[in-house]
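Reading through the structure tokens given below for one structure.
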Amino acid sequence: MQLEIRPDPAEVGRARRWARARLAGSGITADEPLAETLILLVSELVTNAVVHTRRPAVLRLCLPGPAAEDGPSATVRVEVADTSSRAPVPRCAGRDATGGRGLALVDCLADRWGWSPEGAGKSIWCELDRCSPSQESAAMAYGGGRSAYEDLAYEAV
């Protein structure tokens with residue numbers, strides 16, 4: 001399933017609402033930790049596309065069905081494709097900076113993430129394994145630990 005995103009910051013909230021509405025049919029309840037993490041990842045990837053490319057994008061969600069054969073171990077995938085061919089590049093975000101940590105947060109919360117060229121642009125994706133135990137990296141994402149990306153953030157452009 002996918003949602004067309006306009007290059008407007010208000011689209012981030014719309015993308016979160018759209019993603020939340022898709023969770024019920026997949027068997028992921030709103031109070032499940034995976035749901036909150038998924039919504040945060042959607043928010044970060046859509047924000048990067050809207051703010052850094054200022055071009056339309058497409059949000060894609062691959063959610064397990066309610067009777068998925070692999071049950072609770074199913075993987076959830078979030079992708080945001082945009083028309084900018086520029087790769088995500090690392091940048092330093094100062095400790096007091098109010099932005100610049102989006103993909104570092106994705107790195108801490110997702111089980112896997114990456115990007116690949118897509119058409120004239122690119123797709124940035126991340127995956128969550130529904131059966132994964134709470135990750136210690138979530139604490140790092142909120143400042144409670146040391147990350148491999150200490151003081152480095154990524155800008156998706």
Side-chain angles (χ1 to χ4, degrees), residues 1-68 72 74-91 93 97-132 134-135 137-143 147 149 153-157:
M1 58 190 95
Q2 68 181 34
L3 175 70
E4 302 288 326
I5 304 290
R6 295 180 309 269
D8 175 356
E11 290 290 87
V12 178
R14 186 170 76 94
R16 284 192 300 261
R17 289 187 300 276
W18 179 83
R20 277 189 194 105
R22 300 304 171 279
L23 295 178
S26 71
I28 299 172
T29 62
D31 61 347
E32 194 173 328
L34 176 68
E36 292 191 18
T37 302
L38 175 67
I39 298 303
L40 180 56
L41 292 169
V42 164
S43 186
E44 291 299 331
L45 293 180
V46 171
T47 296
N48 280 344
V50 168
V51 170
H52 296 296
T53 72
R54 297 186 178 130
R55 297 177 185 180
V58 175
L59 166 63
R60 297 183 192 116
L61 286 181
C62 297
L63 301 170
T75 297
V76 177
R77 184 176 175 103
V78 176
E79 293 181 37
V80 175
D82 61 53
T83 57
S84 171
S85 62
R86 291 182 54 200
V89 293
R91 67 180 182 140
T98 59
R101 294 179 181 85
L103 287 180
L105 185 63
V106 171
D107 180 66
C108 288
L109 294 176
D111 290 306
R112 290 165 298 286
W113 76 275
W115 73 278
S116 59
E118 182 173 306
K122 67 178 169 309
S123 175
I124 299 178
W125 58 269
C126 64
E127 294 179 338
L128 293 167
D129 296 328
R130 190 164 181 204
C131 67
S132 290
S134 270
Q135 297 181 358
S137 60
M140 286 186 275
Y142 293 103
S147 168
Y149 295 96
Y154 286 85
E155 177 179 28
V157 292

Which pair of heavy atoms, one from Trp115 and one from Trp125, lies closest together, and at what distance? N-NE1, 3.6 Å

Quiz: residues 10-18 side-chain donor-acceptor pairs under 3.5 angstrom, not counting sequence neighbours:
| from | atom 1 | to | atom 2 | distance (Å) |
| --- | --- | --- | --- | --- |
| Glu11 | OE1 | Arg6 | NH2 | 2.9 |
| Glu11 | OE1 | Arg14 | NE | 2.9 |
| Glu11 | OE2 | Arg6 | N | 2.9 |
| Glu11 | OE2 | Arg14 | NE | 3.3 |
| Glu11 | OE2 | Arg14 | NH2 | 2.7 |
| Arg14 | NH2 | Glu4 | O | 2.6 |
| Arg16 | NH1 | Ser43 | OG | 2.9 |
| Arg17 | NH1 | Gly13 | O | 3.3 |

If I take atom CG from residue Asp82 and atom CG from residue Leu59, how far apart are they, to the nearest 0.5 angstrom? 12.0 Å

For residues Ala49 and Ala57, report the shortest heavy-atom separation together with the two atoms involved. CB-CB, 4.0 Å

Is the closest side-chain heavy-atom distance between Asn48 and Ile124 below 4.5 Å? no

When rounded to the nearest 0.5 angstrom, what distance separates OG1 in Thr75 from CG in Leu63? 11.5 Å

So, taking the atom named CD1 in Ile5 and the one named CG in Leu45, what distance separates them when rounded to the nearest 0.5 Å? 11.0 Å

CZ of Arg22 to CG of Leu38, rounded to nearest 0.5 Å, is 12.0 Å

With Arg112, which residues qualify under salt bridge (charged side-chain N to carboxylate O under 4.0 Å, His left out), at least two apart? Glu127, Asp129

Any donor-acceptor pair under 3.5 Å from Lys122 side chain to Ala87 backbone: no

Do the non-hydrogen side-chain atoms of Val58 and Val80 ever get within less than 4.5 Å of each other? no

Separation between CG (Leu105) and CG (Leu40), nearest 0.5 Å, reads 5.0 Å

Nearest heavy atoms of Ile39 and Ala19, plus distance in Å: CD1-CB, 3.7 Å

Sorted by first residue and then second, give each salt bridge (charged side-chain N to carboxylate O under 4.0 Å, His left out) pair with at least one member in residues 31-42; sequence neighbours left out. Glu32-Arg130

Out of curiosity, Arg20 CZ to Leu23 CG, how far, rounded to the nearest 0.5 Å? 8.5 Å

Over all heavy atoms of both residues, which pair between Cys126 and Ala110 is shortest? Give the atoms and the distance, please. CB-CB, 3.7 Å

Tell me, do Thr83 and Thr53 make a side-chain contact under 4.5 Å, heavy atoms counted? no

Looking at every non-hydrogen atom in both residues, tell me the closest pair between Ile28 and Ala35 and how far apart they are. CG2-CB, 3.9 Å

Sorted by chain and residue number, the salt bridge (charged side-chain N to carboxylate O under 4.0 Å, His left out) partners of Arg60 (sequence neighbours excluded) come out as Glu79, Glu118

